[in-house]
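What you are looking at is a predicted structure, and each value in this text was computed from that prediction instead of being measured. Every heavy atom of this structure was used, including side-chain atoms; hydrogens, water molecules and symmetry mates were not. Quick note: residue numbers are just sequence positions, from 1.
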Amino acid sequence: MGSNRTQHRRKMALLCFLAAIAMVGLMVRLGYLMLCRSEHYSRMAEDLHERERTIKAARGRILDANGVVIATNRTVCTISVIYNQVKDREGVIRVLCRELGLEEEGVRKKVEKRSSREIIRTNVDKEVGDRIRDYHLPGVKVDEDYKRYYPFDSLASKVLGFTGGDNQGIIGLEVAYEDYLKGLNGKILTTTDAAGVEVENTFEDRIEPVAGSDLYISLDVNIQQYAEQAAYETMEKKGAKRVSVIVMNPQNGEILAMVNVPEFNLNEPFTLNGEPPAQLTAEGRQELLNQMWRNPAINDTYEPGSTFKIITAAAGLEAGVVSLEDQFSCPGFRIVEDRKIRCHKVGGHGGETFLQGAMNSCNPVFIDVGQRLGIEQYYHYFEQFGLKEKTGIDLPGEAGTIMHKKENMGLVELATVSFGQSFQITPVQLITTAASIVNGGNRVTPHLAVKAVSGDGTKVHRFSYPVKEGIVSEETSASMRYILEQVVAEGSGKKAALEGFRIGGKTATSEKLPRSLKKYISSFIGFAPADNPQVIALITIDEPQGIYYGGTIAAPVVADIFKNILPYLGIEEESALRETNQ
């Protein structure tokens, strides 16, 4: 009996000891939480009683060379509901369906869903949002937001790009400069009770948004409009598939205009141009949209044809394998190994100097220059001129040059490359290389962005771009300017001549692959003034109907563009200058 009592006391003592240890542990833990972790748990408690809504930051504007706004924002609203705060669900459903024009089933599903917040609709016109706010419906939130707006609708659509529903850039400059344009979103914090209902007479905490930076670009709305009008007229007259025009300052690479017609409406970027095919699948529709958004001037490659003779001529002059007075003979073809490669003039040009061969755009003359250079040396200049690398233009999706590997080039490939066939480059690559040859020999980087200015105007970031000096000598550059001026004055590009102005340029007519389809790209590259180029332009006309020669249909378009933009750029007529100097 005594032993049982002793055993019982020991158990009680052990239990008391363990209980004491537990109490001490709990007190230590409580003290630790109260003294060391109080701030953390206070924040957690606050989080349980806070509702957070985003205040969208205003996206930075895009402005042209003259400060004209070409991309901006319009105020819209986001309508949402908070389940625990809604008092009259049927009334809320009726109002939202009526004001937003939505089906009852979809609205009811969201209003009756037990969640912290359900978005009913975004990008609601401000007038509609204000009307919904005036109903003072508990649990219905109307938050102001921004929607991208393009005042000129389709102008430079494939250059500017557009934004999606989340106001993030999708293509063009909008995505290329997303980090500068997007800004920093703010927040609205409201206090709720345990049931999630907002507590009356409490203040909202606001973290104000920071607007994105404004992007100033070199593109000039007036020049863009001149070029776009000329491109649309050309496409309509010639029944062409599409027409692209690039206008650039050859001295620094600034893009003054980049046209790719047909353009699309930036304010309705998901609306297809023209009538969509019947029974269009979702995948088919997306493919058509991708094609509509595509920028051929930088995303697509093509065989440049005779405009590439500018590169062959510059390489030949720089290497010293040809001079302007060198004599050539054109019987209408050249035999290279087992190939008979024809000139565009079937009867041939007969005897001619290199200058005359350039003026006549004579294939055999340029084949001879290529053969004189040889594969090793030609490839060297191809690389020296920057043709193996991308231009580095500040737009997404630039395509690279498609060229034979040096070890796979034979004399036939060298011959065809010499006059612009059997390889492919982008239009922006061609105009950049031509500009670099005639500007004194400095390889420029084509670009649009000039500077980014913060929303409050306190911070300015100026963009800079690499320049590679000396890709040709000044002497070679001067010779090329002279040759190309003669091409327009008396040669194949004479339809680009403009009275009172010195114009240089080169025509091209290239046959698309496969050759059996007999489809062509007609093009012309021109610059002015010929002795000191301040502007250079390239037009490509894809699949023109009827007459398709570049000298006939492409050269006059550049002349028409120059007629409008040269006086606008302050380039005076030669006759006016002579009269002033007399």
Side-chain angles (χ1 to χ4, degrees), residues 65 217-220 223-224 226-227 244-259 297-298 304 307-311 313-314 317-318 384-387 390-394 425-450 463-485 487-488 493 496 498 501-508 523-540 555 558-559 561-562 564-572:
I217 63 175
S218 58
L219 186 140
D220 188 310
I223 297 176
Q224 181 76 19
Y226 287 138
S244 295
V245 178
I246 306 174
V247 183
M248 178 196 289
N249 181 337
Q251 301 298 330
N252 59 17
E254 288 186 349
I255 301 292
L256 308 179
M258 183 176 283
V259 174
I298 66 166
T307 47
F308 197 76
K309 290 172 181 173
I310 295 172
I311 282 78
L317 291 169
E318 186 72 5
Q384 180 168 310
F385 293 169
L387 288 159
K390 295 179 181 180
T391 66
I393 189 170
D394 53 343
I425 61 174
T426 60
V428 75
Q429 177 66 268
L430 177 63
I431 192 173
T432 300
T433 308
S436 304
I437 287 171
V438 302
N439 72 5
N442 297 319
R443 171 80 184 192
V444 294
T445 300
H447 62 273
L448 287 133
V450 176
F463 299 98
S464 60
Y465 304 89
V467 176
K468 181 182 176 182
E469 297 181 350
I471 65 165
V472 295
S473 65
E474 177 55 54
E475 182 182 3
T476 296
S477 182
S479 296
M480 288 304 305
R481 292 194 294 269
Y482 173 72
I483 291 171
L484 296 172
E485 183 176 10
V487 169
V488 172
L498 196 58
F501 295 96
R502 295 176 63 182
I503 309 294
K506 187 71 193 72
T507 61
S523 60
F524 178 80
I525 189 165
F527 57 92
D531 60 334
N532 181 27
Q534 299 301 307
V535 62
I536 187 168
L538 169 64
I539 181 171
T540 55
V558 171
I561 294 171
F562 279 178
N564 282 296
I565 72 172
L566 294 183
Y568 172 77
L569 290 170
I571 299 172
E572 300 181 43

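- In this structure, a donor-acceptor pair under 3.5 Å is absent between the side chains of T433 and S436.
- Taking all atoms of both residues into account, the shortest heavy-atom contact from P427 to L538 is O-CD2, 3.4 Å.
- With a 4.5 Å cut-off on side-chain heavy atoms, T445 and I393 do not count as touching.
- A donor-acceptor pair under 3.5 Å is formed between the side chain of S218 and the backbone N or O of I255.
- Looking only at side-chain heavy atoms (C-beta outward), L387 and I311 come within less than 4.5 Å of each other.
- Residues F463 and L448 have side chains not in contact (no heavy-atom distance under 4.5 Å, counting atoms from C-beta outward).
- Looking at Q429 and T391, their side chains never bring a donor and an acceptor atom within 3.5 Å of each other.
- Within the structure, the salt bridge (charged side-chain N to carboxylate O under 4.0 Å, His left out) test picks out the following pairs touching residues 527-539 (sequence neighbours left out): R502-D531.
- Within the 4.5 Å cutoff, the side chain of I298 has heavy atoms near those of the M258 side chain.
- Between Q251 and N532, the closest side-chain pair of non-hydrogen atoms falls below 4.5 Å.
- Of all heavy-atom pairs spanning P304 and A508, the tightest one is O-CB, 3.4 Å.
- Side-chain contact between I571 and F562 is absent, with no heavy atoms from C-beta onward closer than 4.5 Å.
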Would you sort out whether S479 and T476 count as a side chain to side chain donor-acceptor pair (under 3.5 Å), showing the intermediate values? CA-CA 5 Å; S479 296; T476 296; over 6 Å; no
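- In terms of modelled atom types and a separation under 3.5 Å, the side chain of N439 and the main chain of P250 share a donor-acceptor contact.
- Although no hydrogens or angles enter the test, the distance criterion places a donor-acceptor pair under 3.5 Å between the side chain of K468 and the main chain of Q384.
- Of all the heavy atoms in I217 and A449, the pair that sits closest is CG2-CA, 4.2 Å.
- Partners of E474 according to the salt bridge (Lys or Arg N to Asp or Glu O under 4.0 Å) rule, which considers only residues two or more places apart in sequence or in another chain, are R481.
- Judged by distance alone, with hydrogens and angles left aside, the side-chain atoms of E572 form no donor-acceptor pair with the main-chain N or O of P567 at under 3.5 Å.
- Residues F524 and V488 form a side-chain contact, since some pair of their non-hydrogen atoms from C-beta on lies under 4.5 Å apart.
- For the ring-ring contact (aromatic ring centres under 6.0 Å, His included) test, residues two or more places apart in sequence or in another chain that qualify with Y465 are H447.
- Just one residue in the list V472, L484, I525 forms a side chain to side chain contact (heavy atoms under 4.5 Å, CB included) with V438, and that residue is L484.
- Side-chain atoms of T432 come within 3.5 Å of backbone atoms of V428 as a donor-acceptor pair (strictly under, hydrogens ignored).
- Under the 4.5 Å side-chain criterion, counting only non-hydrogen atoms from C-beta, L430 is in contact with T307.
- Put simply, the side chain of E485 never gets that close to the backbone of A530: no donor and acceptor are under 3.5 Å apart.
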